[in-house]
Structures are given as C-alpha cells and as structure tokens.
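Residue numbering restarts at 1 for every chain, and letters A, B, ... go by the order of the sequence lines.
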There are 2 protein chains.
Amino acid sequence: MHPRSIFHFIGLLVLFLGLSMAAPLAVSLVFQDGSTESLALSMGVAVTAGLLLSLATRSREDVQLSHRDGAAVVSLGWASAGLVGTLPYLLSGAVPGLTNAYFESLSGFTTTGASILSNIEALPEGILLWRSLTQWFGGMGIIVLSVAILPFLGIGGMQLYKAEVPSPVVDKLKPRISETAKTLWKIYILFTGMEILLLLGGGMPLFESACHAFCTMPTGGFSPMNASIAHYDSSYFDGVILVFMLVAGVNFSLHYRFLKGETRIVAKDPELLTFLGLFAVFTLAVTLDIYGSVYQSLSGAFRYASFQVGSILTTTGFATADFDQWPACSRLILLCSMFVGGMAGSTGGGIKIMRIVLLAKHAYREVLRIIHPHAVISVKLGRTPVGEDVLSSVWGFFLLFLGLFIVSTLVMAALGLDLITAFSSVAASIGNTGPGLGAVGPVRNYLGIPDAGKWVLIFCMLLGRLEVYTVILLLVPAFWRK
Amino acid sequence: MHPRSIFHFIGLLVLFLGLSMAAPLAVSLVFQDGSTESLALSMGVAVTAGLLLSLATRSREDVQLSHRDGAAVVSLGWASAGLVGTLPYLLSGAVPGLTNAYFESLSGFTTTGASILSNIEALPEGILLWRSLTQWFGGMGIIVLSVAILPFLGIGGMQLYKAEVPSPVVDKLKPRISETAKTLWKIYILFTGMEILLLLGGGMPLFESACHAFCTMPTGGFSPMNASIAHYDSSYFDGVILVFMLVAGVNFSLHYRFLKGETRIVAKDPELLTFLGLFAVFTLAVTLDIYGSVYQSLSGAFRYASFQVGSILTTTGFATADFDQWPACSRLILLCSMFVGGMAGSTGGGIKIMRIVLLAKHAYREVLRIIHPHAVISVKLGRTPVGEDVLSSVWGFFLLFLGLFIVSTLVMAALGLDLITAFSSVAASIGNTGPGLGAVGPVRNYLGIPDAGKWVLIFCMLLGRLEVYTVILLLVPAFWRK
C-alpha cells in the first residue's frame, strides 16, 4: 500500500472538483441567482484543501500504484468527492444539514439520483448545475473504474473485460487509466454534446438541456424540474432522453468499437442483445399491464412503459409517470429491472446484464450436469468459454450484493419504514437507480427517511457503485496485511 | 428409463395411500362424523386404481431403477399422491372443486400447509385425520427423497450427504431406499409418538394430539383448529410443539447418529450449529422488535417470537400469533426465514441451511481471492473441504430457486394480487411453509386466490418440495434422450 500516493490522488481529485466549480459559479453570475458568493466560497475551500493535500503528499519518485491501492483510491475517492460536493449545498443553504447534503451529494457522484429535495425548481441555477455535474463527474469516474480498474482487480467477473480495454494493456495502473480515460471520456463527452444539441433542437432551454444531458449519460437521473421529464410532457424529449439512457446503459468499449467501425462485433455482442431483449420484453409486459388499467391508448401505454423501463433498467431514474400508482405486476417488473441494471462497462448500476447472463447459463449448465454427470460442459458468453474462476467470482458478487441488500432492508424496516419502502429504497440505492416505490416513489423524495436510514442508503449507494467488493475489501483485515 | 417400473411404483403408492385410508375411516366410525361413506368410497377407488395399475405393470424380472427413473418417480409420485388425496375431500364435499381439493391435497403431501379452508373445525374428524396424514406421509417421502435419492442424483449439493446415509451404500436405488427408509422412518415414528404422548400429557385430546404430531414431524403445519396452535393459548403446548418443530428441522441422519451415541459429532455439526444460531438470532431480533410494540411483557414477546420463528424457519407454518400484524422488521425476518428453511436431510423446506452456509462461505472466499489472486482457497463445511462441483451445483440450485420465485411472483402479480401477497404467497409455497403475509396471512387462507394463481402455487409447492431440479429435469429435452 502507498498511503502517500493515495492521499496525493485524493488531493488532486479535490482540487479538480474545486476548479470545476468555476462552471456553476459562472452560471450563477449569468443568472444572478444569488448563489455566487457561496459557490465562490465552496470553490475556495475545495481548491485550498485539494492544493494543501496534494502538495503535502507530493513525492519525487514516480510510485506505481498497485491494484490494492486502486481499491483504496476508488472507495476513498468517491467518499471524498461526496464530501466536497456538500460544500455548495451547505454554504448556500440549499440543503439543510450535513446528512441531507451528503446524501444529495453522494447520490450525485454515485449517479444514483435519489434526492431529498422537495422543491428543486426553487434552487439557484448555479447549485442546480453543480448538482448535475456531480453526476456527470461520477459517470466519468465509473468509466475509468469499470474499464480500467475492476477488470484488473478481478472483481465480480469483470476480469472478462481485460482484453476489451481499448488501450495498450500493461500491468501498471497509471498509464492504463490515463489512456483508457482519454479514449472513453471522449465518447462520453461526444454523447453528452449530442444530447444537449438534440434537446436544444426540440426547444428545451440550454440550461435545462445541459443539466439533463449531464444526468443522462452517467445514468444519474437528477432533473432540475420537480416533475422530472414529465414536466415537459413531450414525446420528442421522452424519445431523445430514452435513447441516450439506453446508450448510457451500453458498455462504453462497445461504443468505441462501434465508432471504430467494428459494427459486426457490436451487433453480435451477447450482452448487448440480452440488454435490448430485456428492454423489449419488459416494455411489452408493462405496456400490456398498464394499457386499459392506467392509459386508455396503446401508444400512450407504450410511450410511458418504454420510458420508465428504459430509465429503471439502465438505473437512470428519470420519470415521465408516477409508476408507483401502476399495477403490482408493472411495479414488480420495474423492481426487477433495478436489480438487473445496465451492461458491464456502462455507467449503469445494478447487478449488470453480463452477470445475469452468466448466472442463468450456469444454472442451466448444472441441470445438464445432472443428466450427464461425466460430461465437461463449459459456460460460454457468445462463443467465448468463461472460466470457472470468473463464474465463481460472479457468484461471489451476486451473493454479497443480495446479502447486503437483505441486511440493509432489515435495518431500514427496523428503523420503522414499511416493507415496500424499506425494500425499494434499498434496491434503488444499492442499484444506483434513485426513485423507488411507496414513500420514496418517483413523485416523492427521501427527505422523510430517518437520518440513520439515510446513512444506510448512502452506504448502499457506495456499495452498489463500487461493485460491492471494492468497499467490502477494505473491511477485511487480510486486505491490510502485507 | 423404465416407464413400466415407474408406473408400477406409482401403482403401489396409490394402493398404499388407499389402504391407509382405513385409519380415517375407522376414526369416522368412532366419531360418527358422517364421512364414513365418502371415505370408504375413496378407499375403494384408490385401492382399485392402485391394484389395477400395479398389476398391469408387473414385471417378472427385477428391474433396477436408474437415477433418472428416480427423478421421474418422485415427481410423478408426488403429483399422483396429490390426486389420490383429493378423493376424500371431493367425495365428502369438504372441499369445493378440483382446484381447491388438489391445492389442499398437494399442500398436504408437500408438507406445505397452505389451506383453502375457512372453517376447518366444521370438517368431519375422518377428513381432518386424512388431511393430517397427507402431511405425515409426505414427510416420510421427503426423508427417503433427501437422504436416499437426491444425494445420488447430485442435486443442489446434496451429493455431500452421500457418505452420511446410514445404510450400505450401493449404486442401485432399490436396496438403498428400503434400508434407509427403515432406519429413518423408525426415528420419524418415534418422534411422532413422543410428541403425541407429550401433548396428551398436557391435556390435549388424543385426536388433536395425533393430528398435530402428524403435522409437526413433516414440518407441515395443518392444524384441525381454525386458530392453529393459538387455539389452546397454552405455553406448554407452544413449547412442546416448538421443540418438535426444531427436531423436524434437523437432518434425520444426525438424529440417527445421536441415537447411536455419536453425540460429539452431532454437537459439532456446522449446519446444526448454524441452524440453532439462526433460530436464536432471529428469535432475539423479533423479540426485541415486538416487545413493547405488540406485547407488553418480555416473556410474552419471547414466547410468541420463538414459536413463530421456529415455525417459519423450519417451514412448518403453525401459528400462535397473527404475525402479519407485527412490525415490518419482524415480518421481513419471517420472510427471510421462509427462504432459509431447515437443514438438508430434514423434512423442512426452503433453500436449506447447508446451502446458505456454503453460499456465504463461497462469497467470502471470493473476497479473499481478490486479495490473494494466486492462493488456492477451498470452501470448507466444518473441517471437510467442499468440491467446486458441489459449490457449482449449490449455486445452480440457488439461482433456479430464485429465478422461479421471481417469475412466479410476477405471474401472481399479473393475476391481480397486491405486491406483498404475491411475493409472500409464492415464498410460502416454494418454501413449503404455508402461511404468508397480506391476503394469505396466518389468520387468513388461500381460498380467495384466483384459480390460475392456485395452480401456480401448486407448481411452486412441488418445485420447492422436490428441490427444484427434480421437476426442472423433466422439462429439459436432453433428459428424455437416451
């Protein structure tokens, strides 16, 4: 372990976040929204703290971070970013109290999108932009994490993606991160820009277009509007945002390959096909369920079903309807979608399609093994056989995810929440989705959750975002031994 | 496959069930309860059908059944027993309609204990005894299944128990079944007798004592009383029944070893310790949750918590309190208990303690593997290392169980049930527990579930009882190929 280097990195991160506050600061000046002073102060505090920390931990030699350092960096990095993110909220008085501010901030950086705000539209534009940017930066972090760090830590089957990283694969962490980051961030920025232009083209004001695009690509789901996307009641905006949510739910390495012209490989990707297949099946089922009972036109039912399924499956969390009022079957499908989540290597949360596919194939393999006890049957993803160690690590991930979900739900229930709120608030947090059912439904918010419960959900957001293992590793004594 | 032998076995089973109707017939004569005629007719039909089928499929050569035949026999056997069980219900008019009658009957033979009866006490004694006997016979079947068949089919990790079968292990099915059956059935009968005596000693009438004992040892949970065990409001009866529920939740091979004097081995059994540990922890948590909020005395809270936890964890389903009115956390713990279930090799349902232990250990192993990527770390149960193939098969079981649970819950929700009823009715059926929450709570029943939903639950009961794989195998084309 290299604690000095780890803290140096954290210092740089804090410095970067502080500098990035220049954008909301500029916006607050343009809109004269009254948040200029508090944003300037936040920026000053963050830049100073970042500078001091990075300078104090500066080192002459170029230390190569190990994978173990990588795990510590990401956990500590996300937690610290959450702390920096509270500054504008607290100093402007937009969010009352540290618990609420940290909840809102970490919900941003983990791209969860769960909010404690009751009247979002009352907030100054500068603060709203900062809120959107926490998600956008969070998404950038995830791309690096899931393509450059998790595969090499061998977490939850992500080692499968080692070969797919679009950069020279070397065993040291630093050069890989920077190479990968450059390539995939360009794609991320490109899509964000495209979405802004398309929303602008449809007549959405620039500020709102930017805020929504900043929260779509990281599958975040914060909206500057109280009613989320339902505010616009426009099938054009619904369609544009749905498409970009789905794009954000796709492995960014596939986008890279697609842009390089390897369309054949992309079109045959088994995880992509499953992702689109699940989206289609879930949309169909929900459409049929809400057609007649909630919406009187089939096209209306399809429009709201597809948006909500796309939003929850990719774990974005934007809403165009109060799905908490939908029939039980639709709500259950959306709950399942929260658990499934996007593709591995996307900015989406949840268990991830790749893992669901491998788990299902493994279960079927075991049925065949009973019939043919002596046959060697390997599980394949597409045409590639998947090693037993990878399967084993996927199972480990799945059980940890499920176990922590159950324990957290029990704690939330013990804190006095009803069953459905307890269940869905944890599902929406550990899956990084945002809105749940019941008291945390899409037209409600997390303000009423007791403080202790908010901290449980904060922990769940971090667990989900860092693929459980990265956080759990830090709690195992063996991790700290040399 | 030997279809002739399979049907011969089914014929013998039907014949046996028919002959066993002599007991309720005798009881109906004693009580003059008006069901004598319908029971005699049921007996006649079953005995005739059984005789005809077994004679028609008689074979001169002594065919040795393969393991594949074993899987077909158990699925078909349970389904046929369910059919025979409907005769007394339908002919006496005690249960209206085939769907209800099959539901009640299969709920008996799978030792689930879910009932569609609103006024149980209004039923003739002969029918009530038959209802209890369906569970008792079901329990006998499970003992054979889980100790003599599943380990050799290699289902869901049950291969671990190959060595524990208290009989000369040979590769052919028949001698093993009969040897094992004799030994373990004696223990089963012994415990049933002990419970009857203890209940009698406390002043419970003989008929009711017998009915309750017949439904405790198979972890069934049918009671001849509308209010289940709450009817007696006696801490003595609560205590006796709780102890025997826990006894029934223990691997019967351990009872055998205990009676042989191998108490040291029994006391160190890791699955037994986990079972008792979970019982203690769940009881403690529920006690604290309901103390003050539901019960004003700590001893009262403990009494009702321990009984309900014991009943649900062992998947028996007797009730001394309407736990559907308890706080969310207690209801959630009981829901979790339904999934956990008893020990492997017991008459309990659910996922089974052994599998939960292996899954948890495997997940922890994967954490260690990330820290020490090149170390070989084996998962152990007690001191015995568990093979990767066993782990793999446990995972397969777990995913099939979970996947079928989710799909069934979706279907129940699509049929119009609310979320909690849909969720808990499937959990209580696939876990073979009986009572759930909401509309199928402990003081309510399954009569109001739509017919299609009853068939879904019937399928779930069978899936859960036959450890999922045994039923799923029959649906895979490869199973039927030579």
Side-chain angles (χ1 to χ4, degrees), chain A residues 67-68 71 153-156 285 288-289 327-333 335-336 359-360 362-373 388-389 391-393 395-400 402-403 406 409-423 437 469 472-473 476 478-479 481, chain B residues 67-68 71 153-156 285 288-289 327-333 335-336 359-360 362-373 388-389 391-393 395-400 402-403 406 409-423 437 469 472-473 476 478-479 481:
Chain A
H67 295 137
R68 200 176 283 207
L153 277 172
I155 279 181
L288 294 177
D289 195 39
C329 188
S330 295
R331 276 181 293 151
L332 210 51
I333 291 175
L335 261 184
C336 290
L359 298 180
H362 181 206
Y364 186 66
R365 193 260 303 260
E366 292 308 308
V367 175
L368 294 182
R369 278 232 279 219
I370 294 175
I371 301 173
H372 307 291
E388 295 299 315
D389 56 326
L391 287 177
S392 204
S393 121
W395 280 114
F397 172 89
F398 183 65
L399 195 82
L400 273 182
L402 209 63
I406 293 169
T409 305
L410 278 170
V411 173
M412 294 305 281
L415 291 171
L417 299 184
D418 67 276
L419 275 188
I420 288 187
T421 304
F423 192 93
L437 301 172
Y469 272 121
I472 295 301
L473 271 181
V476 176
F479 180 80
R481 279 183 223 125
Chain B
H67 295 138
R68 202 177 282 206
L153 278 171
I155 280 182
L288 294 177
D289 195 38
C329 188
S330 295
R331 279 181 291 151
L332 209 52
I333 291 174
L335 261 183
C336 290
L359 297 181
H362 181 204
Y364 185 66
R365 192 262 303 260
E366 292 308 310
V367 175
L368 293 182
R369 276 232 279 220
I370 295 176
I371 300 173
H372 307 292
E388 294 300 315
D389 56 327
L391 286 178
S392 205
S393 123
W395 280 115
F397 172 89
F398 182 65
L399 196 82
L400 274 180
L402 209 63
I406 292 170
T409 304
L410 278 170
V411 174
M412 295 305 282
L415 291 171
L417 299 184
D418 68 275
L419 275 188
I420 288 186
T421 304
F423 191 94
L437 301 173
Y469 272 119
I472 295 301
L473 271 180
V476 177
F479 179 79
R481 280 182 221 124

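Of all the heavy atoms in A:E366 and B:D389, the pair that sits closest is OE1-O, 4.5 Å.
Neither the backbone nor the side chain of A:L415 comes within contact range of chain B, judged by heavy atoms closer than 4.5 Å. B:T409 touches chain A through backbone and side chain together, each having a heavy atom under 4.5 Å away. For a residue to count as touching a neighbouring chain, one of its non-hydrogen atoms must lie under 4.5 Å from one of that chain's; by this rule B:L359 touches chain A with backbone and side chain alike. Of the two parts of A:F397, neither the backbone nor the side chain holds a non-hydrogen atom closer than 4.5 Å to a non-hydrogen atom of chain B. Of the two parts of A:I406, only the side chain, counted from C-beta on, holds a non-hydrogen atom closer than 4.5 Å to a non-hydrogen atom of chain B. With a threshold of 4.5 angstrom between heavy atoms, A:L368 approaches chain B through side-chain atoms but not through N, CA, C or O.
Residues A:W395 and B:L399 form a side-chain contact, since some pair of their non-hydrogen atoms from C-beta on lies under 4.5 Å apart. B:V367 is not listed as a side-chain neighbour of A:F479, based on a closest heavy-atom distance of 4.5 Å or more.
Of the listed residues (B:A285, B:A414, B:G416, B:S392), the greatest number of heavy-atom pairs within a distance under 4.5 Å of chain A belongs to B:S392. In terms of heavy-atom pairs under 4.5 Å with chain B, the best-connected choice from A:L400, A:I420, A:L437 is A:I420.
Considering CG of A:L419 and CE of A:M412, their distance stands at 12.5 Å, rounded to 0.5 Å.
Take A:A413 and apply the side chain to side chain contact (heavy atoms under 4.5 Å, CB included) test, not counting sequence neighbours, and it matches A:A422, B:A328, B:C329, B:L332. For A:F398, there are no ring pair (Phe, Tyr, Trp, His ring centres under 6.0 Å) partners at least two apart in sequence or on another chain.
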